[in-house]
Asker: 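If you scroll down you'll find the structure; I have some questions about it.
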Amino acid sequence: MAVAFDEMNIPGGDLRPAYQELARWLKETPPEALEYRRQEAELLFRRIGITFAVYGDSESTERLIPFDVIPRIMSGKEWGVLEKGLKQRVKALNMFLRDVYHGRDILRAGIVPEDLIFQNPVFRPEMNGQQVPHDIYVHIAGIDIVRVDANDFLVLEDNARTPSGVSYMLENREIMMRLFPDLFARHRVAPVERYPDELLSALRSVAPLSASGEPTVALLTPGVYNSAYYEHSFLADKLGIELVEGRDLIVKNNEVFMRTTEGVKRVDVIYRRVDDDFLDPLTFRPDSALGVPGLMSAYAAGNITLANAVGTGIADDKAIYSYMPDIVQFYLGEEPILKNVQTWRCREPKDLAYVLDHLSELVVKEVHGSGGYGMLIGPAATKATIEAFREKLKREPEGFIAQPTLALSTCPTCTASGLAPRHVDLRPFVLTGSKSTTIVPGGLTRVALKEGSLVVNSSQGGGTKDTWILDE
C-alpha cells in the first residue's frame with residue numbers, strides 16, 4: 001500500500017501552511033494541559049449525552065463516540081475546490097434520480113444497465129412518474145470524501161437517503177470553542193453554526209405550492225430506540241421544529257396533520273429520518289408501526305414534501321456509484337471535479353476475475369452495505385476470511401464491488417502515547433433548496449483511532465474531530 005499523505009507535514013520536515021499556527025501552539029502547550037482538556041471534552045460529551053447505539057452489540061447499547069481534540073485544518077483554497085465538486089455531484093445526483101423515475105434517458109442511452117435500477121431492492125416503482133416539489137430528490141446529502149495527495153479529493157460514497165452525523169459536526173465545534181479559545185484566537189476559522197438556519201431555510205423553500213404562508217416543517221423520527229435518536233432531537237431543537245413519531249401524524253383528505261396540544265395542525269415538509277420501507281404501512285411494509293398510514297397518497301397529491309424524497313436509495317448504491325463519472329458527464333456535459341475511487345464491478349466477469357486474483361490487496365464491499373459492515377479489507381484479513389469471501393463472491397458476484405486499499409490521508413491525533421498520525425475521512429453536508437445549494441465550510445471528520453486502521457466508522461471504533469476551514 002502507498003504511503004499515506006500527511007495533511008500536516010511535508011516530507012523533509014516542513015509544515016503545510018494551514019498547520020503552522022497549530023504546530024506553534026502545540027509546542028507551547030504542555031502535554032498534561034492537553035490531556036486535561038481532552039478529559040474535559042469527554043466529560044462535556046457525557047454530560048450532553050451524545051451517544052449512539054451499536055446494533056447487535058451485547059456488551060453495551062449506548063456508546064460515546066470518541067472525540068479527538070486536535071482539529072483537522074484545511075485552507076480556504078482547498079475547500080473551494082471541494083465545494084465546487086460537491087455542488088456539481090449533488091446536482092447530477094438529483095438529475096439522475098428525476099430521470100430514473102421519469103424519462104429514463106440514461107438507461108436508453110445504455111450508460112447505466114437497466115437491471116441495476118429495476119432489480120434494485122431500493123428502487124421504488126411507486127415513484128414512477130411522480131412529481132416531487134421543485135424536482136429535488138436529495139435535499140440533504142452526506143458525501144464521504146477521502147484525500148490521497150496534495151491535490152486530489154476522492155469520493156468514497158454518496159449518502160442520499162438519511163445521512164447522519166451533522167450533530168457531531170456542530171457539537172464538536174461548540175466544545176472546541178469552549179475548551180480552546182486560545183487556539184481559535186490564532187486562526188480565522190469559517191463558522192459552521194449557521195447550518196441549522198441553512199437547513200431550515202432549504203426545507204421551507206421546497207414546501208409544496210399548496211402550503212400557506214410560512215410552511216410548517218416537522219422532523220419524523222423512528223423514536224427513542226433508534227441509534228441516531230440523539231441527533232434527531234438535537235436537530236429538531238436547533239431548527240425550532242416539532243420532533244414527531246408516526247403516531248403523532250394523521251392524513252385527512254390527502255393532507256398531513258400533526259396532533260398538538262391546541263388540536264391538529266397541517267404539516268408541509270417532513271424531514272424524515274425513517275427509511276422508505278417503514279414510511280407508510282398502506283404502501284410499503286404493512287407491519288410498520290413507525291410510519292403514517294396514507295402518507296404516500298398525500299405525497300402523490302403534492303401536499304407534502306418529504307426530505308429526502310422516497311426512492312433516493314438508488315443513488316446510495318455502491319454499484320451505481322461506480323457510474324457516477326458517466327452520470328455527471330451525461331447530465332451536465334462536464335468532467336467530474338471530484339473523482340471516484342477506482343472500482344471493480346464484480347458483476348462483470350473480467351472485473352470479477354481480477355478481484356478473485358487480488359483479494360489480499362483489495363477492499364471488497366457489499367453493494368447495499370453501510371456502516372463498515374460486511375466488507376473485506378484484504379491486507380488486514382486472515383487467509384480463512386479471504387477464502388470465505390472468495391466463495392461468497394463466486395456465489396453472488398453482483399452483490400459486491402472492489403476497490404484498492406487506499407492510503408487515506410493522516411492528521412495528528414491524541415493517542416495514549418502522545419501525538420501520532422491517524423487516518424481520516426470527511427463527510428461534508430450538502431443542502432439543496434429550491435433556489436440554491438449550500439455547504440457549511442467543513443463537515444464531519446472521522447478518524448480511525450487504532451494505529452494502522454483504515455476503518456473510520458463509529459460502529460467500528462472510529463472517532464471524530466472538528467474540521468477547520470481557514471477563512472482566507
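Note: hydrogens, waters and symmetry copies are ignored here, and every other heavy atom, side chains too, is used.
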Asker: Please, which pairs that meet salt bridge (Lys or Arg N to Asp or Glu O under 4.0 Å) have at least one residue in residues 86-96, sequence neighbours excluded?
Answerer: Arg89-Asp158
Asker: For residues 325-343, pull every pair meeting salt bridge (Lys or Arg N to Asp or Glu O under 4.0 Å), keeping only residues two or more places apart or in separate chains.
Answerer: Asp152-Lys339
Asker: Looking at Tyr321, is its backbone amide N or carbonyl O close enough to the side chain of Asn340 to form a donor-acceptor pair, meaning the two atoms are under 3.5 Å apart?
Answerer: yes
Asker: Any donor-acceptor pair under 3.5 Å linking the side chain of Tyr101 with the backbone of Arg124?
Answerer: yes
Asker: Between atom CG of Leu449 and atom NE2 of His423, what is the distance when rounded to the nearest 0.5 Å?
Answerer: 12.0 Å
Asker: Does Asp6 offer a backbone N or O that forms a donor-acceptor pair with the side chain of Arg16 under 3.5 Å?
Answerer: yes
Asker: Quick check for you: to the nearest 0.5 Å, what is the distance between Ser360 atom OG and Phe389 atom CZ?
Answerer: 14.0 Å
Asker: Do you know which of Leu107, Val367, Ile320 makes side-chain contact (heavy atoms from CB on, under 4.5 Å) with Leu116?
Answerer: Ile320
Asker: Where the side chain of Gln88 meets the backbone of Ile337, is there a donor-acceptor pair that is under 3.5 Å apart?
Answerer: yes
Asker: Measure the spacing between CZ of Arg446 and CG of Leu426 and express it to the nearest 0.5 Å.
Answerer: 9.5 Å
Asker: Roughly how far apart are Thr415 OG1 and Arg422 CZ, rounded to 0.5 Å?
Answerer: 5.5 Å
Asker: Output all residues satisfying salt bridge (Lys or Arg N to Asp or Glu O under 4.0 Å) with Glu126, sequence neighbours left out; order by chain, then residue number.
Answerer: none
Asker: Tell me whether Asp466 contacts the main-chain N or O of Pro71 through its side chain, where contact means a donor paired with an acceptor under 3.5 Å.
Answerer: no
Asker: Indicate the atoms forming the closest heavy-atom contact of Ala236 with Leu219, along with that distance.
Answerer: N-CD1, 4.1 Å
Asker: Is the side chain of Thr413 donor-acceptor paired with the backbone N or O of Cys411 at a distance under 3.5 Å, no angle test?
Answerer: yes
Asker: Report yes or no: do Glu231 and Ser164 form a side-chain donor-acceptor pair below 3.5 Å?
Answerer: no
Asker: Judged by modelled atom types alone, do Asp99 and Tyr331 share a side-chain donor-acceptor pair under 3.5 Å?
Answerer: yes
Asker: Partners of Lys465 by salt bridge (Lys or Arg N to Asp or Glu O under 4.0 Å), sequence neighbours excluded?
Answerer: Asp68
Asker: We want to know whether His134 and Ser434 form a side-chain donor-acceptor pair, criterion being a heavy-atom distance below 3.5 angstrom.
Answerer: no
Asker: May I ask you to decide if Gly442's main-chain N or O and Thr467's side chain share a donor-acceptor pair within less than 3.5 Å?
Answerer: no
Asker: Taking all non-hydrogen atoms of both residues, which atom of Ala92 and which atom of Ile327 are closest, and how far apart?
Answerer: O-CG2, 4.1 Å
Asker: Using 0.5 Å steps for rounding, measure from the OG1 atom of Thr432 to the CD1 atom of Ile136.
Answerer: 6.5 Å
Asker: Gly76 and Ile469: which non-hydrogen atoms are nearest, and at how many Å?
Answerer: CA-CG2, 4.2 Å
Asker: Donor-acceptor pair, distance only, cut-off 3.5 Å: does the side chain of Thr405 make one with the backbone of Glu361?
Answerer: yes
Asker: Any ion pair linking Asp276 and Arg285 (charged N to carboxylate O, less than 4.0 Å)?
Answerer: no
Asker: Would the distance check show the side chain of Asp280 and the main-chain N or O of Met296 forming a donor-acceptor pair, the cut-off being under 3.5 Å?
Answerer: yes
Asker: Hey, can you pull the donor-acceptor pairs under 3.5 Å for the side chains in residues 304-315, sequence neighbours left out?
Answerer:
{"residue": "Thr305", "atom": "OG1", "partner": "Val206", "partner atom": "O", "Å": "2.7"}
{"residue": "Asn308", "atom": "OD1", "partner": "His139", "partner atom": "N", "Å": "2.8"}
{"residue": "Asn308", "atom": "OD1", "partner": "Ile140", "partner atom": "N", "Å": "2.9"}
{"residue": "Asn308", "atom": "ND2", "partner": "Ile140", "partner atom": "O", "Å": "2.9"}
{"residue": "Asn308", "atom": "ND2", "partner": "Ala160", "partner atom": "O", "Å": "2.8"}
{"residue": "Asn308", "atom": "ND2", "partner": "Arg161", "partner atom": "O", "Å": "3.0"}
{"residue": "Thr312", "atom": "OG1", "partner": "Ala160", "partner atom": "O", "Å": "3.0"}
{"residue": "Thr312", "atom": "OG1", "partner": "Ala309", "partner atom": "O", "Å": "3.4"}

Asker: Distance-only check: which donor-acceptor pairs under 3.5 Å involve side-chain atoms of residues 348-359, not counting sequence neighbours?
Answerer:
{"residue": "Glu348", "atom": "OE2", "partner": "Arg345", "partner atom": "NH1", "Å": "3.2"}
{"residue": "Asp351", "atom": "OD2", "partner": "Arg345", "partner atom": "N", "Å": "2.8"}
{"residue": "His358", "atom": "ND1", "partner": "Tyr354", "partner atom": "O", "Å": "2.8"}

Asker: Using a strict cut-off of less than 4.0 Å between a Lys/Arg side-chain nitrogen and an Asp/Glu carboxylate oxygen, indicate whether Glu157 and Lys318 qualify as a salt bridge.
Answerer: yes
Asker: Using 0.5 Å steps for rounding, measure from the NZ atom of Lys238 to the CG atom of Leu170.
Answerer: 7.0 Å
Asker: Tell me whether the rings of Tyr137 and His102 are parallel (<30°), tilted (30 to 60°) or perpendicular (>60°).
Answerer: perpendicular
Asker: Under a 4.5 Å cut-off applied to non-hydrogen side-chain atoms, are Glu171 and Phe234 in contact?
Answerer: yes
